[in-house]
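Numbers restart at 1 for each chain; the letters A, B, ... are given by sequence-line order, proteins then strands.
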Amino acid sequence: MIVVIAGWEVITYRVSQYMAAFLIMGGIVNGVFAALDAMLFYILFEAMLIPLFLIIGIWGGARRVYATIKFFLYTFFGSVFLLISLIYLYQLGGSFAVADLHKLPIEKTPQILIFLSFLLAFGVKVPMWPVHTWLPDAHVEAPTGGSVVLAAITLKVGGYAFLRFALPIVPDAAAQLDWLVILMSLTAVVYIGFVALVQQDMKKLVAYSSIAHMGFVTLAFFMVYSMATALKDPAAMGSAVLALQGGMVQMVSHGFISGAMFLCIGVLYDRMHTRDINAYGGVANRMPTFAALYVLFAMANTGLPGTSGFVGEFMVILASFRASPWIAFTAATTLIVGAAYTLWLVKRVLFGDVKNAEVAELHDIGRREFWMLSILAAAVLLLGLWPQPLTDVMEVSIENLLAHALQSKLCIGFAGGCL
Amino acid sequence: MNIAIAMPEIFLLSTICLILLIDVFLREDCRMVSYLLTQVAVLATALLAYGAMDGNKTTGLNGMYVSDDLAGVLKISILLLTFGVFVYARKYLKDQNIWQSEFFLLALFAVLGMLIMVSANHLLVVYLGLELLALSMYALVAFNRDDGRSSEAAMKYFVLGAVASGLLLYGISILYGLSGKLELTEVLAYVSAQNVLENIPLLFALVFIVAGISFKFGAVPFHMWVPDVYQGAPTAVTMFLGSVPKVAALAMLLRVLAESMGTAQAGWAQLLLVFGLLSVFLGNFVAIAQLNLKRMLAYSTIAHMGFILLGAMTGTTDGYSAALFYTITYAMMAAGGFAILILLGREGFEAETLDDLKGLNERNPWYAFVMMVFLFSMAGIPPTVGFYAKLSIIQAVMQAGYLWPAVFMVLMSVIGAYYYLRAIKMMYFDKPEQDAPIKADLDFTVLISVNGVLMVLLGLFPSALMGICSAAMVTSHL
């Protein structure tokens, strides 16, 4: 997961006065991923809201106040239930250490309640359909740097938390309610994909595509349970590992890609001061270098082989065949819809004739912008062509995680045990 | 007779008389001397109270007075808070042209009343302390005597306060009629022998006593006075009223309900549960509609008092310590919040609407940051201390088996977060409407900075203060 954090280096290229807020943010995010104590995790999870609230609110767009308060209250609402669950767990086990919580035996009904509260807290953060509505608002109003952090990092916290908390602590509830999450994820993937298609605002479009991609991630995490019915079968186990790996690769790559997409939009916005797609056209004629990079990221966003977007999506879809061909089929439609909205965006913005006088006056990206985008481009390509180092790092922890996540907790503590 | 047991109170009373005398002979432009003497008296009393803490529980003055660690902790927090409030108040009194030493003397009498409440081991002594506190407060609220709203607030406070005192006294007299006892330990012996839920007269007495205590807290349904008094009183008095007496109110709750009727917890816990939940609900919802910052903070106080009552309601050591921790830290936040209001005021101008906060970040980033810390702390967002206080209360409530009230409490915190966020929005996202420079003396600036930093430090390292709170509960056998 450390790789994800690397995403925030991007912001250091933005020379402006909100560095302090970003530094605090960066520190807190590092802490969130490193926390092994549930209460510490919660504190950092919440503390993350404060700098982001200010970043969006102070340096954001016209409707920033509405967006930032909506963002804050949504996330806060979700996470207070997390707090209640954590206190409940503490009273059961007398410890906030995550490792102890993994071993804690819990009855079925509490497990389901705890799972639902986890789902609410992390689902809002991810965000999953239908609690995603804060994200487009927050993205649209946030300054470019804010959008990048939001897309590249904070969304990942939700996904990470599912792996760290929801799956291992309440495995039985997760197994029982996996259909709910899968349904929500598929809705996100398909429905939000179509929503993205009709957006007029570039940032909104990328924001919706983020939701769709994160739907993939949650889908991958929860498919594990449908495969696990044949736990003894090594092939099933293999594809469960594949699904989780795919989900994590998807998270990392989405961090790079969506961050890059937002930076690109920021580059355009700095010049034109509008995000309306209709105001652009033929940008490639004036900004060839920029256009090349932009197309690369767009392709990665659609999941073109050779880019990191492909690796994650392909692993997830491959694994999902094991769970159910229908899930795989539905999930795969995103490749079409995703290609549709991304390529259409690229077509309308970059290609065609130079549309108006403002576009005609555009000048190409400078050295600073070039390097900040090309580092990301290199990462996207590297991950796409040679993902093995990343998956190797993940493999051990995933197998460890699966051991916890698939082990039913209901039988621990009963003399006879269960099968 | 062991007079030494009341040493801090005796010392404070003598110095009050001394300052009164000195003040008579001071010229108008030497008021600073009485101010400094007041501050020295407060600190010296705090030292005496600290010296009296020896980990034992001793009673004296014919069993009417008690000295234990709980009393020590409460007294020291009352006195230190008072010290801070006085530093903040000085700027306000000078700005508003009411720089008179009566403010400090009346406040000292109120503090004396509070110290007596804290150490009382006898129901009548509790009542005496309460009345000394209340009478000084009535006069303080009307301190700005040319201001109609101030007098109106004082009148309202006085009438309602008198009714509440009557209720409390009536409850005490029923209890006396039943048991023939007034000393807290003897009352405990009587109550322990009864089956509370079957004994209707005893329940009657309990209801009246709880009503009287809830009035002091300003908990729903005895909250009517809070918004009007907060708004009408001069801001310095509001700050005093909104912070220090809350500690004394908790002391009264701990002494009267927890200590002398702890075995009747089943009887009063339900009342406190309902009052607490109603306060959290009403305080947070009504605060949203307020445009006057003082009124908004008044409703937010109601909500916070609900949390404290809910913590005390559990009847466990954890619950009491959490309530104590919450009260002390809340008093610090409230004092700081009102201090920022004072800071924004200047000669002939009083800041009290939300609009006055607009653009504070552009006018002075550091004060804006400190105010943001206070507001986030009141909203209970980590890593500020407000989060830890709420956490420990909720934990105690859940420990006692009240899962749904706990869920209700966190939901209400989300609603509460909205109006704090709105205030932060005003400070950070809006343009300033006035650009008068913000001036403050060095002592004010230093104290408000320390106050703000403490909110974060205590949030990150709460265990020291929490340890003191629970140790105090243990020596008092709560």
> Let me know if B:Ile424 has heavy atoms under 4.5 Å from chain A in its side chain, its backbone, both or neither.
side chain
> Return the option, out of A:Phe53, A:Phe81, A:Phe77, with the maximum number of heavy-atom pairs under 4.5 Å with chain B.
A:Phe53
> Let me know if A:Leu73 has heavy atoms under 4.5 Å from chain B in its side chain, its backbone, both or neither.
both
> If I measure from the heavy atoms of chain B, does A:Leu44 come under 4.5 Å with its side chain, its backbone, both, or neither?
neither
> Show me the donor-acceptor pairs under 3.5 Å between chain A and chain B.
| from | atom 1 | to | atom 2 | distance (Å) |
| --- | --- | --- | --- | --- |
| A:Arg64 | NH2 | B:Phe429 | O | 2.7 |
| A:Gln91 | NE2 | B:Gln395 | O | 3.0 |

> Which atoms of B:Met372 come close to chain A, meaning under 4.5 Å heavy atom to heavy atom: side chain ones, backbone ones, both, or neither?
side chain
> Could you look at B:Phe429 and say if it's the side chain, the backbone, both or neither that has a heavy atom under 4.5 Å from chain A?
both
> If I take atom CG from residue A:Leu54 and atom CZ from residue B:Phe369, how far apart are they, to the nearest 0.5 angstrom?
9.5 Å
> Restricting to non-hydrogen atoms, name the atom on A:Ile50 and the atom on B:Pro383 that form the minimum distance, rounded to 0.1 Å.
CD1-CD, 4.3 Å
> Does the side chain of B:Ile381 reach to within under 4.5 Å of the side chain of A:Phe72, using non-hydrogen atoms?
yes
> In sequence, state the C-alpha distance, the side-chain angles, and the governing distance for B:Leu391 and A:Ile87, and then conclude on side chain to side chain contact (heavy atoms under 4.5 Å, CB included).
CA-CA 9 Å; B:Leu391 171 71; A:Ile87 295 178; 3.7 Å; yes
